[in-house]
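To keep things clear, I will list the structure first and then write my remarks on it.
Every value quoted in this text rests on a predicted model; they were computed, and no experiment measured them. Atoms within each ligand, like the ligands themselves, are counted from 1 in listed order. Scope of the values below: all heavy atoms of this structure, side chains included, with no hydrogens, waters or symmetry mates.
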Amino acid sequence: MTRWLPGILCLAGLPLWGATAADLARALRDNSFDRGECYRVRDIAVTREDIRIYLNDGHLIFSKPVAGRRIAAVFTTDVENGDGELILMPPDRAERRSLARFVGSPNLDEHFRSAVFLFTGNEYDAIVAQLPNNPANRKVPEIGAVLEEEWTPALRSLTESYQTRLVLDLLDSPSRRPGLFAALFSSAKFGNFDALYDPDSSDQITIGQIASRDNLLTFDVWTNYPSKSARARKETPPLDFRLSDFRIEATLNPDLSLNTVTHVKVTPASDGPPAVPFDLTTAMSVSQATVDGHPAEVLQREAQRVDLTRGGNGLILVVPAAPLKAGRTYEFEIRHSGKIIRDAGDRVYYVGARGNWYPTHGLQWANYDLLFRVPADLDLVTAGDVVEDRTEGEWRIMRRRTSAPIRLAGFNLGNYGHARVEHAGYVVDVCANRALETALQPKLPPLPPIGAEGLGTRNRNREQTMQQVAPTAFSPTERLHALAAEVAGSLEFMVSRFGPPALPHITVSPIPGAFGQGFPGLIYLSTLAYLKHLPGTSANPADDLFFTDVLQAHEMAHQWWGNRVTAATYRDYWLMEALANYSALLYLEKSRGTRSMELMLDGYRQALLRKGEASPNVDAAGPIVLGQRLENSQDPGAWRAITYGKGSWILQMLRRRMGDERFFAMLAELLKRYDRKELSTEQFRETAAEFLPPKTDDPRLEGFFEQWVYGTGIPSLKLTYVLKGKAPALKLVGTLTQSDMDDEDFSAVAPVEIQVARGRTITQWVRSGNTPTTFTVTLDQPPLKVSLDPHYAVLRR
Ligand SMILES: [Zn+2]
């Protein structure tokens with residue numbers, strides 16, 4: 001029997017110190033396969049958490065070591081009866097359903113032709129230790145020479161995608177930092193697809209595929225969930241780095257490039273992290289960094305594969321001269337610059353880069369002190385109270401400071417006209433461009449929505465809304481004062497319902513395209529909302545209401561939902577959109593009447609029932625908790641219809657079950673209980689259940705959430721009834737019939753309203769099901785009218 005001498009044993013002891021991040025990046029870039037480490041293999045298992053890979057029969061070659069560690073391998077099945085197999089079983093029904101939508105089966109058991117592996121864990125040792133188990137396993141350097149040549153380009157390409165992340169792992173010791181595992185498979189059925197275990201992510205397991213649609217690349221997430229060990233963990237681990245006190249100085253040059261110095265305090269949770277990772281838009285490049293005044297190394301790399309899942313951000317590493325200590329606070333200074341401002345024509349500018357314009361580490365609550373120098377003829381608006389605003393020669397200098405912690409600071413700029421409204425301690429400053437951007441000028445085609453550019457992934461918080469509407473010939477400043485009054489009106493309404501907004505100074509500024517975004521203290525509002533809409537210019541009356549009333553109120557509502565209460569994970573983000581949109585509908589209902597709100601709800605229902613691209617209707621594309629994953633290559637429009645439309649309906653249905661008083665008390669309680677905290681879908685369910693009327697069926701709302709939040713489906717409901725006997729012992733015997741549902745367990749609760757006299761109505765809630773439900777109501781006189789759900793209590797066909 002052959003004795004195996006694992007090569008890693010003599011390499012593992014090499015000290016890593018001395019290798020800079022740049023050295024490691026270079027070594028990774030130049031890495032190649034090692035023909036001396038090529039094996040004929042049978043029956044090798046590679047297991048990382050939930051990812052189980054079987055190298056049943058084929059060839060396996062390892063890469064050369066980088067910093068003493070072999071971090072890559074390729075397995076090929078180029079032998080007779082060669083075979084490799086990946087097995088993965090998502091732990092819950094929602095993830096099994098998601099996987100099934102992409103691969104046609106709730107579990108993955110896929111045979112593959114080849115696989116490239118990248119790892120910074122102990123995979124090499126684990127594989128080499130299995131080699132003696134099968135006598136067929138042996139070294140085959142002659143095959144190694146062929147594979148080395150054939151696969152080194154694939155290795156370099158995959159390594160490039162994960163380069164910064166690999167460097168971060170290699171700088172650290174394997175005992176302190178659990179390693180990344182990434183695999184790129186090639187199978188006959190699916191072509192190339194990815195499997196990833198990323199211990200830095202909250203849902204560590206991801207299986208998916210890069211897909212293209214309309215020339216845009218997206219990353220379709222087939223399934224994504226917490227790994228085995230994370231599921232077993234009771235508590236969420238603390239933040240690895242706490243960021244506080246941002247101080248940002250930015251100079252906007254006449255060519256629209258931005259030179260920025262970001263100061264931020266960083267406190268590590270544990271001893272010895274050799275580098276701090278930051279997210280920064282790939283449109284910015286970092287020139288230098290210091291930690292407590294001492295020069296630090298910076299590694300920055302653009303990589304498409306990573307960007308596809310990072311919302312336009314790239315990962316940068318700041319490597320201090322000495323490892324950091326737990327609990328100590330360090331002052332980081334990072335200098336970065338880039339062209340992130342775009343010119344939409346006629347001196348209409350906007351922040352066009354996707355991702356963060358300054359380095360962040362997750363979204364953390366922090367205070368901001370922001371100083372901008374811009375050409376004197378431009379206006380720049382950002383979050384916080386005005387501390388300084390003066391002109392110095394060619395330059396205008398503006399400084400703002402936030403009066404409460406926020407999670408993200410945005411800015412906007414232009415040649416603005418202003419309308420300012422002060423009321424009850426709040427300041428609303430509405431800015432309008434003095435000119436109309438080229439795309440909106442008469443006779444020119446409309447500007448494509450911002451999200452349609454680039455790779456098709458959306459900016460976090462930024463939302464595209466509805467279709468383009470016909471441009472009009474009005475000047476954007478014409479409606480400025482009317483708009484300011486509307487914005488102040490929605491602010492006042494929401495303050496009365498929800499209490500103070502995220503920041504007391506709110507600036508509203510225009511952005512080209514048909515979307516908005518609500519930063520704390522700063523709202524981006526579609527330029528379309530500034531224009532006067534002539535009745536009938538849109539095909540759908542809901543579109544008019546949307547641009548005139550809903551959009552500004554929706555963005556205003558994000559001052560509470562998204563900027564005071566925030567979402568725990570991407571699965572909970574729908575809550576912020578649904579709560580913001582429903583708050584806007586409440587404002588619409590108050591200012592324009594119930595019918596306007598019903599028009600919007602009708603529009604959302606129609607959008608959900610429209611035929612889907614890969615499903616019988618748009619609603620069936622997936623449950624609302626999939627969040628951004630719904631924006632995939634199968635049906636990218638489904639994300640919007642479900643997040644905004646179904647989200648609004650979910651709140652409408654809860655409101656009808658609770659009644660107005662309890663519903664508004666529930667919203668106020670959410671803001672109190674989760675103020676400057678994260679809210680999860682389950683916490684929302686628990687809070688909502690507390691506000692149900694006594695003796696409600698489904699008292700914990702588990703059934704409701706299972707169907708409307710974690711599931712899909714929109715039923716048809718039909719009511720028939722007969723009257724039996726005579727007054728005063730009259731009986732109304734009704735039957736509620738549900739149809740159009742694939743899911744046999746689906747059931748909805750709908751109100752039947754029986755009007756027995758003028759101003760006297762009996763409401764009977766009836767639960768529908770797979771078979772018709774019969775119910776009886778005793779009446780003392782014949783009913784004037786019997787109707788099923790006249791007030792939009794159930795989303796139904
Ligand atoms: Zn929104």
Of all N/O/S atoms in [X], which lies nearest to the Zn ion (ligand 1)?
X	answer
E577	OE1
H558	NE2
H554	NE2

Ring centre gap for H505 and Y426 strictly below 6.0 Å: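 So the answer is no for these two rings.
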
Between F663 and F691, ring centroids under 6.0 Å: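 Centroid separation for F663 and F691: 6.0 Å or greater.
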
Exercise: identify the closest heavy-atom pair between L491 and I506: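 The answer is CD1-CD1, 3.7 Å.
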
T566 and W365 side chains, donor-acceptor separation under 3.5 Å: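 No.
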
